[in-house]
Every structure is written in C-alpha cells, then in structure tokens.
Participant: 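First the structure, which I've put down as structure tokens, then a few questions once you've had a look.
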Amino acid sequence: ALMDHLDVGSAPLLVADEDMVYAARLFRLAPDRVRSVVGIAAFLPMTRTAQYERMGHWHRFVLGTARYTPRLLPFVVQLTFAMARHMGKAEFIRRVFSGSEADIAMTRNWRAFEAVDSGSDIVLNEGFDAAKAYAQEISIVHSSDWRSEFKAMADAIPVLNIVGTEDQGILPETYQEFLQDYPKVDMILVEGAGSFL
C-alpha cells in the first residue's frame, strides 16, 4: 500500500535486526515489487538450539523466550522496556550489548548514539505500549518457521546480509551456519563491528 501510494513499482529493501522476515513476506505476496534485499545484522531463519545458547546473555534471554516459552514473552518484553526507562537508554544498551566493545563504544559517541536515542523515544515513551508490537515481531521471527519463504526469496533475487564479528545475536559460529544453510545469500562479515555496524 505504501509503495502504491508513493508510486514505487519495485525497489531494493534495506532491513535490520528482526526485519528480514518482512522482506520475505513482502516477496511472497508481491515478488515483482522486491528487487533485492540488504540486511544489516539481520536475523535469518534460525534452525539450531545452539544458535540461541551461544548468544549474549540478554539476547539469549529475550530471543530464547520468544523461541522456547513464547507465552512468557509479553511479560519479558514489558519488563525490559521498564528497565530501559528506569536506567536510561544508554546504560540499558551498554548492558544489553555488554559483550560487544564496538556497540558499547557507539553509546559513548554522541553523534552515533543520537540516532538510537531519538529513534527509541517513541518506543519507550510512557503511555505508548510498543511492548506488545515488539513481542509480536520477535515472536514471528523466532517462533514461526519462515525458512521456505526466505529460501524462495533468496533463490529468486539478490540477498546480502552484513554481520559484525561482535554481534551478540549472530555470533561467528551462527554466521558460519547461515553460510551453510543459505548458500544463495551473500554474507559479509565485518571485523570489530557489533549489531550497530
């Protein structure tokens, strides 16, 4: 509907984090509208328990809950949002990404952090419940099987995913498994970068 409104026939897509599933679903619904996809630290369909077990502690807690105990997920997400409001965005991000020096450094660079800070104003705004939407989003990515949709897209159009070596959700071993599981996806590993690349 947005592409129609803007009179865009087809376009490349740029996705980050949990949004690759939306590219795959858009491609399934309207394959002629998606020319290619570039993922920035984007999760591909996860196929192994070990991929969750090796994540950084915070990612393992939240994304593992989405995968293995999804009924608890709304409560876990509400708790995380409350913690972020209480401790402040920069400190919260430092704790979530504590295993990545590159991501922690981003929180100390005011120009880089400004984008994250302003973008999270809406999500963490008191009186605005983004927790439910976020829980639904990560549930779709981590609780549903969207491999066939993703593979159909990767078989038909160019798909590129850029991942940092310090990413706390997609660790180097998971990156290698993505290479095996999705050979049609062009993968780039950036040394010394985290989720914020």
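The chain is numbered in sequence order, starting from 1. As the structure is a computational prediction, the values presented were derived from the model and not from experiment.
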Participant: Quick one: does L189's side chain get under 4.5 Å of T165's, heavy atoms only?
Facilitator: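 Sidechains of T165 and L189: in contact.
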Participant: Check whether any side-chain N or O of D145 sits under 3.5 Å from a backbone N or O of R147 as a donor-acceptor pair, and report yes or no.
Facilitator: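 Here the side-chain-to-backbone pair exists.
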Participant: Looking only at heavy atoms, which two atoms of F92 and M87 are closest? And how far apart?
Facilitator: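 For F92 and M87, the tightest heavy-atom pair comes out as CA-SD, 3.8 Å.
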Participant: Once you round to the nearest 0.5 Å, how far does OH of Y52 lie from CG of L63?
Facilitator: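 Y52 atom OH to L63 atom CG measures 7.0 Å (nearest 0.5 Å).
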Participant: Looking at S100 and G194, what are the two nearest heavy atoms and their distance?
Facilitator: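 That closest heavy-atom pairing would be OG-CA, 3.7 Å.
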Participant: Within the side chain of S139, is there an N or O that forms a donor-acceptor pair under 3.5 Å with the backbone of Q136?
Facilitator: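 Not confirmed, S139 side chain does not pair with Q136 backbone.
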Participant: If hydrophobic clusters are built from ILVMFWY residues whose side chains come within less than 4.5 Å, do L179 and L160 share one?
Facilitator: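 Different clusters.
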Participant: How close do F81 and A131 get, heavy atom to heavy atom, and via which atoms?
Facilitator: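 Closest approach of F81 to A131, heavy atoms only: CE2-N, 3.6 Å.
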Participant: Would a 4.5 Å heavy-atom cut-off, applied to side chains only, mark I40 and V38 as touching?
Facilitator: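 Yes, close enough: below the 4.5 Å cut-off.
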Participant: Applying the 4.5 Å side-chain criterion to the ILVMFWY set and letting contacts propagate, would F113 and W58 be lumped into a single cluster?
Facilitator: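 Hydrophobic grouping puts F113 with W58.
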Participant: Rounded to the nearest 0.5 Å, what separates atom OG in S36 from atom CE in M153?
Facilitator: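 Result: 10.0 Å between the selected atoms.
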Participant: Compare all side-chain heavy atoms of V185 with those of F178 and state whether any distance is below 4.5 angstrom.
Facilitator: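 When only atoms from C-beta onward are counted, F178 and V185 do not touch, as no gap falls below 4.5 Å.
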Participant: Could you walk me through whether W146 and I140 pass side chain to side chain contact (heavy atoms under 4.5 Å, CB included), step by step?
Facilitator: CA-CA 9 Å; W146 51 286; I140 289 168; 5.6 Å; no
Participant: Could you tell me whether R94 and E91 make a salt bridge, using a distance below 4.0 angstrom between a side-chain N and a carboxylate O?
Facilitator: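 A salt bridge links R94 with E91.
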Participant: Answer yes or no: is there a side-chain heavy-atom contact under 4.5 Å between Y68 and T49?
Facilitator: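 SC-SC contact between Y68 and T49 confirmed.
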Participant: Measure across I138 and A66 and return the closest heavy-atom pair with its distance rounded to 0.1 Å.
Facilitator: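 The pair with the smallest heavy-atom distance is O-CB, 3.9 Å.
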Participant: Out of curiosity, R67 CZ to R60 CZ, how far, rounded to the nearest 0.5 Å?
Facilitator: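 Going from CZ on R67 over to CZ on R60, the span is 15.5 Å.
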Participant: Please answer: with hydrophobic residues joined when any side-chain heavy atoms are less than 4.5 Å apart, are V159 and L14 in the same cluster?
Facilitator: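 In one cluster with V159: L14, no.
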Participant: Side-chain contact test, heavy atoms from C-beta onward, threshold under 4.5 Å: evaluate it for L44 versus M187 and give yes or no.
Facilitator: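 The answer is yes, as the side chains (C-beta and beyond) meet within the 4.5 Å cut-off.
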Participant: Kindly write out the residues that satisfy side chain to side chain donor-acceptor pair (under 3.5 Å) with H59, not counting sequence neighbours, or none if the list is empty.
Facilitator: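 Scan of H59 (side chain to side chain donor-acceptor pair (under 3.5 Å), adjacent residues dropped) gives none.
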Participant: Within the 4.5 Å heavy-atom criterion, are T107 and K89 side-chain neighbours or not?
Facilitator: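 With C-beta onward as the side chain, the pair stays apart.
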Participant: When you compare the side chain of M46 with that of M55, does any pair of heavy atoms fall below 4.5 Å?
Facilitator: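 Yes, side chains in contact.
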Participant: Taking it one step at a time, do Y182 and K151 satisfy side chain to side chain contact (heavy atoms under 4.5 Å, CB included)?
Facilitator: CA-CA 7 Å; Y182 310 110; K151 285 182 176 182; 3.8 Å; yes
Participant: So, taking the atom named OG in S10 and the one named CD1 in I157, what distance separates them when rounded to the nearest 0.5 Å?
Facilitator: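 Nearest 0.5 Å value for the OG-CD1 distance: 10.0 Å.
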Participant: Is there a side-chain contact between T65 and F75 in this structure, where contact means two heavy atoms from C-beta onward sitting under 4.5 Å apart?
Facilitator: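 No, side chains not in contact.
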Participant: If you look at every heavy atom in A112 and M106, which pair is closest and at what distance?
Facilitator: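 Smallest interatomic distance, heavy atoms only, reads CB-CG, 3.8 Å.
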Participant: Please check if L72 and M83 belong to a single hydrophobic cluster, counting links between Ile, Leu, Val, Met, Phe, Trp and Tyr side chain heavy atoms closer than 4.5 Å.
Facilitator: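 L72 and M83: separate clusters.
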Participant: Could you state the interatomic distance from NE2 (H142) to CD (E137), rounded to the nearest 0.5 Å?
Facilitator: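 Taking NE2 in H142 and CD in E137, the distance rounds to 9.0 Å.
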Participant: More than 12 heavy atoms of other residues, nucleotides or ligands under 6.0 Å from CZ of R33: is that the case?
Facilitator: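 Yes, CZ of R33 has more than 12 neighbouring heavy atoms, counting only those of other groups under 6.0 Å.
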Participant: If I compare all heavy atoms of M20 with all of F150, which pair ends up nearest, and what's the gap?
Facilitator: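 Taking every non-hydrogen atom into account, CG-CE1, 3.6 Å.
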Participant: Output the distance between atom CZ (R108) and atom CG (D103), rounded to the nearest 0.5 Å.
Facilitator: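 Going from the CZ atom of R108 to the CG atom of D103 covers 12.0 Å.
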Participant: Kindly write out the residues that satisfy ring pair (Phe, Tyr, Trp, His ring centres under 6.0 Å) with F196, not counting sequence neighbours, or none if the list is empty.
Facilitator: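 Listed in chain order: F97.
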Participant: Give a yes or no answer on whether the side chain of E166 reaches the backbone of E101 with a donor-acceptor pair at less than 3.5 Å.
Facilitator: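 Side chain of E166 to backbone of E101: a pair is present.
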Participant: Might you work through the side chain to side chain contact (heavy atoms under 4.5 Å, CB included) test for Y175 and D167, ending with a clear yes or no?
Facilitator: CA-CA 10 Å; Y175 176 87; D167 191 305; over 6 Å; no
Participant: Check this for me, if you would: do R48 and E173 make a salt bridge, where the nitrogen-to-carboxylate-oxygen distance has to be below 4.0 angstrom?
Facilitator: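 No salt bridge links R48 with E173.
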Participant: Any chain of hydrophobic side-chain contacts (each under 4.5 Å) joining V37 to F27?
Facilitator: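 Same cluster.
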